[in-house]
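Let me begin by presenting the structure, written as structure tokens, before commenting on it.
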Amino acid sequence: MNKKQILILGGTTEARDLAARLATREDIDVVLSLAGRTADPAPQPTPVRIGGFGGVGGLVAYLRSNAVDLLVDATHPFARRISVNARQASAESGVPLLRLERAGWDPVAGDQWVRVSSVDEAATALGHEPRRIFLAIGRQEVAAFEAAPQHHYLVRSVDPVEPPLDVPSAEYSLARGPFEIEGEIRLLRNHRIDAIVSKNSGGEATYAKIAAARALRLTVIMIERAQPSDGITAENVGDAVRLVDHLISPDKKRGV
Ligand code: NAP
């Protein structure tokens, strides 16, 4: 059987789940691609390649030399560069692209969100008065909060923040989701947190902090996504599997 080759750009729970679903199929070979940011990545259900491709040109070369039939961009909603590269590489190579992007969260009754459009705006939105802030945005962009050194920061990330924040008062918590609401409430109480900074990542694995903030009536500075995806998009793994079937079907190749 001529197996279809699928490359999944990953680094998310959804990418891992989709890879696991496709790994059971005999008509498909799947490779999952990780950026290599996490020192000790979670185990993955399919063969993995690790590290950048070297921009659009490198990704196009990879698609061609591995005769990839379908590219799936299942990277994090806030991983913008790689998604732009994926769109360009798909256009240049003619390899179809499927975007798997979970929906963002919407506020519900009791939420006190301040919605901002960037990490820099989030730092400003914390205000002048010193407060105790929980930064739950990963480690890559936390340096933006050095612009607001009057606050105390509790920073949670999977890998250590290196170098540490250049602010007078910060502490660090290393943890990998999923998180439970009881644990998040305990964390926020123990550290006497006044406000949380979060990305509007969507999904369940990291929603507990938002629910915990609601329960404790804390403000959430919510960093919103830049723009919705265009192109062929699935919001969940089930829909992605159906679209994969459509995109790799022989009818599709004939343009039916
Ligand atoms: P980014 O800014 O969009 O990408 C920067 C560069 O990293 C890309 O140009 C590419 O290098 C490489 N890269 C990114 N994702 C890759 C992948 N899956 N496979 C191979 N190379 C990849 O990405 P980021 O925000 O640093 O995120 C890096 C990874 O962490 C992504 O896989 C993402 O899914 C995951 N993640 C990100 C966030 C977040 O908040 N940003 C949160 C959770 C998980 P080349 O140009 O050399 O190909």
Side-chain angles (χ1 to χ4, degrees), residues 6-19 30-42 44-66 68 70-90 92-93 95 97-102 104-105 116-122 135-145 155-159 161-162 174-179 196-207 209-210 221-227 229 233-234 237 240:
I6 299 184
L7 176 66
I8 302 178
L9 305 173
T12 57
T13 314
E14 287 78 7
R16 191 169 64 234
D17 291 349
L18 177 63
V30 179
V31 172
L32 188 58
S33 174
L34 303 177
R37 297 280 189 283
T38 306
D40 180 22
Q44 306 290 338
T46 57
V48 168
R49 65 158 300 288
I50 294 183
F53 295 91
V56 177
L59 182 50
V60 168
Y62 181 97
L63 296 174
R64 288 195 173 130
S65 60
N66 292 280
V68 173
L70 175 64
L71 174 62
V72 181
D73 173 12
T75 58
H76 191 270
F78 282 83
R80 295 190 186 119
R81 182 76 254 152
I82 187 70
S83 292
V84 169
N85 288 0
R87 281 199 291 277
Q88 287 183 12
S90 165
E92 268 185 40
S93 63
V95 174
L97 172 67
L98 167 62
R99 172 71 172 139
L100 169 53
E101 181 173 339
R102 57 192 174 215
W105 300 310
V116 297
S117 58
S118 70
V119 178
D120 292 335
E121 256 186 52
L135 289 186
I137 59 166
R139 76 193 158 104
Q140 290 190 66
E141 292 172 283
V142 289
F145 291 87
V155 186
R156 181 165 71 192
S157 55
V158 174
D159 289 305
V161 175
E162 298 286 358
L174 293 184
R176 191 197 299 265
F179 300 100
I196 294 180
V197 181
S198 172
K199 290 176 175 171
N200 195 340
S201 301
E204 290 171 14
T206 59
Y207 185 71
K209 61 177 180 277
I210 308 300
I221 311 292
M222 186 63 84
I223 304 166
E224 296 292 348
R225 301 171 186 194
Q227 65 208 23
S229 309
T233 303
V237 172

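In each ligand, atom 1 is the first atom listed, and ligand 1 is the first ligand listed.
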Close approach of L34 to ligand 1, heavy atoms, under 4.0 angstrom: yes
Closest candidate by heavy atom, reference atom 10 (C) of ligand 1, pool T13, I82, L7: I82
Check: of R80, H76, R81, min heavy-atom distance to atom 42 (C) of ligand 1 comes from H76
Would you say ligand 1 has an N or O under 3.5 Å from any N or O of T12? no
Partner set under side chain to side chain donor-acceptor pair (under 3.5 Å) for R37, not counting sequence neighbours: Q140
Please check whether K199 reaches ligand 1 - meaning an N/O of the residue sits under 3.5 Å from an N/O of the ligand, judged on distance alone. yes
Nearest heavy atom to atom 5 (C) of ligand 1 wins, so pick from E14, R49, R37. R37
Is V197 close to V119 at the side-chain level, that is, under 4.5 Å between some pair of heavy atoms? no
May I ask you to decide if A74's main-chain N or O and T12's side chain share a donor-acceptor pair within less than 3.5 Å? yes
Among protein heavy atoms, which sits nearest to atom 46 (O) of ligand 1, and what does the distance come to when rounded to 0.1 Å? G55 N, 3.1 Å
Quick check for you: to the nearest 0.5 Å, what is the distance between R87 atom CZ and L71 atom CG? 11.5 Å
For residues R49 and S33, determine if any side-chain heavy atom of one lies less than 4.5 Å from a side-chain heavy atom of the other. yes
Going by the atom numbers of ligand 1, which of them fall below 4.0 Å from some non-hydrogen atom of A79? 3 (O), 23 (O), 24 (P), 25 (O), 27 (O), 33 (C), 41 (N)
Mind checking whether G51 has a heavy atom under 4.0 Å from ligand 1? yes
So, R225 side chain and N200 main chain: donor-acceptor pair closer than 3.5 Å or not? yes
Any donor-acceptor pair under 3.5 Å from R99 side chain to D73 backbone: yes
For atom 48 (O) of ligand 1, is the nearest protein heavy atom closer than 4.0 Å? yes
Evaluate T75 for polar contact with ligand 1, using N/O atom pairs at a separation under 3.5 Å. no
Which atoms from ligand 1 have a heavy atom of N85 less than 4.0 Å away? 9 (O), 46 (O)
Checking heavy-atom distances from atom 20 (C) of ligand 1 to each of G54, S33, A89, the winner is S33
Going by heavy atoms in the side chains, are H76 and R102 under 4.5 Å from each other? yes
Counting both backbone and side chain atoms, is some N or O of L9 under 3.5 Å from an N or O of ligand 1? no
Main chain of R139, side chain of E141: is a donor-acceptor contact present, judged purely on distance under 3.5 Å? no
Check whether any side-chain heavy atom of I223 lies under 4.5 Å from a side-chain heavy atom of I137, and answer yes or no. yes
Distance to 0.1 Å, residue and atom name: give those for the protein heavy atom nearest to atom 29 (C) of ligand 1. A35 CB, 3.7 Å
Closest non-hydrogen protein atom to atom 32 (O) of ligand 1, residue and atom name please, with distance? G10 O, 2.7 Å
Considering only protein heavy atoms, which is closest to atom 35 (C) of ligand 1, and at what distance to one decimal place? G11 O, 3.7 Å
Going by the atom numbers of ligand 1, which of them fall below 4.0 Å from some non-hydrogen atom of G52? 11 (O), 21 (N), 45 (P), 47 (O), 48 (O)
Quick one: does S90's side chain have a donor or acceptor within less than 3.5 Å of a partner on V95's backbone? yes
